[in-house]
Structures are given as C-alpha cells and as structure tokens.
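Note sheet for the following structure.
From a predicted model like this one, the values you see are computed outputs, not experimental measurements. Convention: sequence-line order gives letters A, B, ...; per-chain numbering from 1.
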There are 2 protein chains.
Amino acid sequence: MLEVLRAADDHPTAAEVYERVRRSSPRIGSATVYRTLALLVSTGRALELNLGDGAAARYDANTRRHDHAVCDGCGRAVDIDHPVPDGMMAEIARRSGFAITGYDLQFRGLCPDCQANGSDPARAAGGTGPTVNTHAKGALHAEA
Amino acid sequence: MLEVLRAADDHPTAAEVYERVRRSSPRIGSATVYRTLALLVSTGRALELNLGDGAAARYDANTRRHDHAVCDGCGRAVDIDHPVPDGMMAEIARRSGFAITGYDLQFRGLCPDCQANGSDPARAAGGTGPTVNTHAKGALHAEA
DNA sequence: CCACTGGTTGAGAACGACTCTCAGTATCAC
DNA sequence: GTGATACTGAGAGTCGTTCTCAACCAGTGG
Ligand SMILES: [Mn+2]
Ligand SMILES: [Mn+2]
Ligand SMILES: [Zn+2]
Ligand SMILES: [Zn+2]
C-alpha cells in the first residue's frame, strides 16, 4: 500500500489507490484501503491533501511540507516547493489572535498540456494517464 | 438570500444558510438554496470556500480576494487580508510551467477562544453560535 | 376572465465519497 | 488443537450535494 503510494507520481485519490492496489491484491476491499490510508496519515507516513476544489481527498507519500499547483483543466496537481516567508505567519498570528500551526496553499491555473489544447481543457493531460475529473462542479478557483 | 449572506459575519455552510433563510421563508426547499448559492457564486456575488478540511463548502458575501484562518478546535474561519507577494506568483508560474490564475491560502491553528479552553477544544467558540463541527475526521492540517 | 407557455419551485430520489457494523478469517499463545 | 485477539471485506449507513419531475406561478394572447 505504501509502496503503491511511493510509486505514484501523481496525487491519487483513495479510489485510485484502491484500483492500483487491487492489481496486486485483487481480494482487498475499499474499507481496508480507507483504513490503511488513514493509518498512514495519522502515523505521518503520508499526507492527505484537500486541494480546495471540493473533490475527493488525494494522498501523497511525500511528507515534506510542500504546496501544489492544481490544473483547472485536468485536475492534475504538481508539487510546488516555495515556502511562505516566516515573518508573514507571525504577522497573521498577531493580527488574528490565532495560534497558527500551519497553512495550506494551492495555486490554480492551467498546466502546460491544458494550455496547449486550449479548447475543451477537461480532456487533455493524457500522458501516463491518471483519471481526469470531467465533471468540473461549477465555478472553481473562486475560493479563499 | 444574498441579504442573509451579507448579514452573516461567520462563513455559513449551505445548511446554515438554509436554516437562516427558512426563518423568513419557511416554505423554501434546500434545492433552491443550493441552486441560488450556485448562481450567486457563478455571477460573482458570493464566494464558495473550501477550507481544506474536507468539510462542507462555506459561502462568503465578501468577494474581495482574501484568505482565512481556520480554527482546528471549533471550525470558525476568520478573514485574513494579507496578499502573497506578486513576485512569488510569477516565480511559481515560471518554475511549474502553469499559467497561474490565482491561489487559495488558509492558515490553521486555534482561535483565541479555543486557546483559552485548552482541553477539549471542539466545544468552545460559543459566542453568537454557528454550529460546531464535533467529528474532527482524523488528522487534519497535515495538508498541502 | 381564461387557456397556453415557459420558467421556478420543493420533495424526494440519486449520487459520490466516505465511515460503520459485523460476521468471517487469519494470527498467535498456549 | 483451542481459544483469545486483531484484521478483513461486504454491505449498510451517513453526509453533502445534485438531479428529476410534477406542481406551481408568471406572464401573454385571446
Ligand atoms: Mn505533493
Ligand atoms: Mn471571508
Ligand atoms: Zn491540465
Ligand atoms: Zn476555535
């Protein structure tokens, strides 16, 4: 299970992990996949990502603190490694009165593939082929 | 409906909006609330927020670009107005190849109330009383 | 007035992503 | 082997949201 995650370069949803694990263990049930993912997350061996588009959670074996850029066309998420300045966190904490423990940041836009296939973006991104989320669910990226 | 949103200083979920609208229009159905919220969002008169905790979407009549600090204890979300430097966006775009159109940023931590009532945080935040999300759903704020 | 027409509405069914329950099974300790 | 214990998968349940569809409400023309 962790192997599957480590081997994944995309950021698979639980359903995608299930599908992949099933190839080597066809008798596994989805409950076990959810249980195991939760365990990996709670023991710090994986990250659960909520990319702010209201879609299913994604899982990431890369536990270093990092952010993502999410493609509005095909849903692909790529790693972004560019920490927010510390001073900013302190400033936010001071102004809000919150005890800030962390932050989630994601950029939205179009990936190179979807920029190319300008029209009907939600179909590009073929490549090695992670499932594409067709149903875009309304005006996204308005968030936060 | 927009009035209800404008009058709200918290960031109500669709269910909370429904509940409040119902006070003046008791015959309204939830389908209409969802439909209307979607319309407000798609016409730019409200924002749909996905605060990255996998919880229900929240709605915000404040359409200025702004971010939020979310309390891990009681779920409260307060506005943060502290734009990320432009240079950073450009840098991200350059390094990722994405055409970046925006970003979503949320800070996590404990609100002043929940800092006070240290133990059992998920019960504080009384105040004017938006519903509190008890079931915390596992290790949050690991995200992104 | 009143029959048509098209846009809204609300009730309830359907849906997707999860989470729970529970009986069956594998594991280990004796 | 026998029993205690943990783990598993099937399926039911939950929650937030969207869909479907019949009833309803404008208007419009007559
Ligand atoms: Mn990542
Ligand atoms: Mn706000
Ligand atoms: Zn794309
Ligand atoms: Zn709080």
Within one Ile-Leu-Val-Met-Phe-Trp-Tyr cluster: B:Val4 and B:Tyr34, side-chain cutoff 4.5 Å |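 The answer is no; the residues belong to distinct hydrophobic clusters.
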
Is B:Val21 reachable from B:Leu39 through a run of I, L, V, M, F, W or Y residues, each pair having side-chain heavy atoms under 4.5 Å apart?
->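 As far as the 4.5 Å side-chain criterion goes, B:Val21 and B:Leu39 are not connected within one cluster.
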
OP1 or OP2 of C:dT19 under 4.0 Å from side-chain N/O of A:Tyr34 |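 It does not, given that no N or O in the side chain of A:Tyr34 lies less than 4.0 Å from OP1 or OP2 of C:dT19.
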
Is the shortest side-chain N/O distance from B:Thr32 to OP1 or OP2 of C:dT9 below 4.0 Å?
->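 No, because none of the side-chain N or O atoms of B:Thr32 sits under 4.0 Å from OP1 or OP2 of C:dT9.
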
Is a salt bridge present between A:Glu91 and A:Arg94, judged by a nitrogen-to-oxygen distance below 4.0 Å?
->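 Salt bridge present between A:Glu91 and A:Arg94.
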
Using heavy atoms to find the nearest nucleotide of DNA chain D for B:Tyr59 and A:Thr36 separately, return the residue whose nucleotide is more 5′.
->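 The residue mapped nearer the 5' terminus is A:Thr36.
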
Given atom [atom1] of [X] and atom [atom2] of [N], what is their separation to the nearest angstrom?
{"X": "A:Arg58", "N": "C:dC18", "atom1": "CZ", "atom2": "C1'", "result": "16 Å"}
{"X": "B:Arg22", "N": "C:dT9", "atom1": "CZ", "atom2": "C1'", "result": "15 Å"}
{"X": "A:Leu39", "N": "C:dT19", "atom1": "CG", "atom2": "P", "result": "14 Å"}
{"X": "B:Arg27", "N": "C:dT9", "atom1": "CZ", "atom2": "C1'", "result": "10 Å"}
{"X": "A:Glu16", "N": "C:dC18", "atom1": "CD", "atom2": "P", "result": "11 Å"}
{"X": "A:Tyr18", "N": "C:dC18", "atom1": "OH", "atom2": "P", "result": "14 Å"}
{"X": "A:Leu49", "N": "C:dC18", "atom1": "CG", "atom2": "P", "result": "12 Å"}
{"X": "B:Met1", "N": "C:dG10", "atom1": "CE", "atom2": "P", "result": "11 Å"}

Looking for any heavy atom pair under 4.0 Å, which part of the strands does A:Ala31 touch: base, sugar-phosphate only, or nothing?
->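 Here A:Ala31 touches the bases of the nucleic acid.
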
Would you classify B:Ala57 as touching base, sugar-phosphate or nothing, given that sugar-phosphate means primed atoms plus P, OP1 and OP2, and contacts are heavy atoms under 4.0 Å?
->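 It contacts sugar-phosphate atoms only.
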
Give me the one residue out of B:Asp113, B:Asp53, B:Asp10 that meets salt bridge (Lys or Arg N to Asp or Glu O under 4.0 Å) with B:Arg76.
->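 Of the listed residues B:Asp113, B:Asp53, B:Asp10, the salt bridge (Lys or Arg N to Asp or Glu O under 4.0 Å) partner of B:Arg76 is B:Asp113.
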
Which one, D:dG9, C:dC18, C:dG10, comes nearest to the side chain of A:Ile28?
->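 The answer is D:dG9, which lies nearest to the side chain.
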
Side chain of B:Arg35 only, please: which of C:dT9, D:dG16, D:dG9 is the nearest?
->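 Closest nucleotide among those given: C:dT9.
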
Measure the shortest side-chain to side-chain distance between A:His68 and A:Asp79 over non-hydrogen atoms and say whether it is less than 4.5 angstrom.
->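 Touching, per the 4.5 Å side-chain cut-off.
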
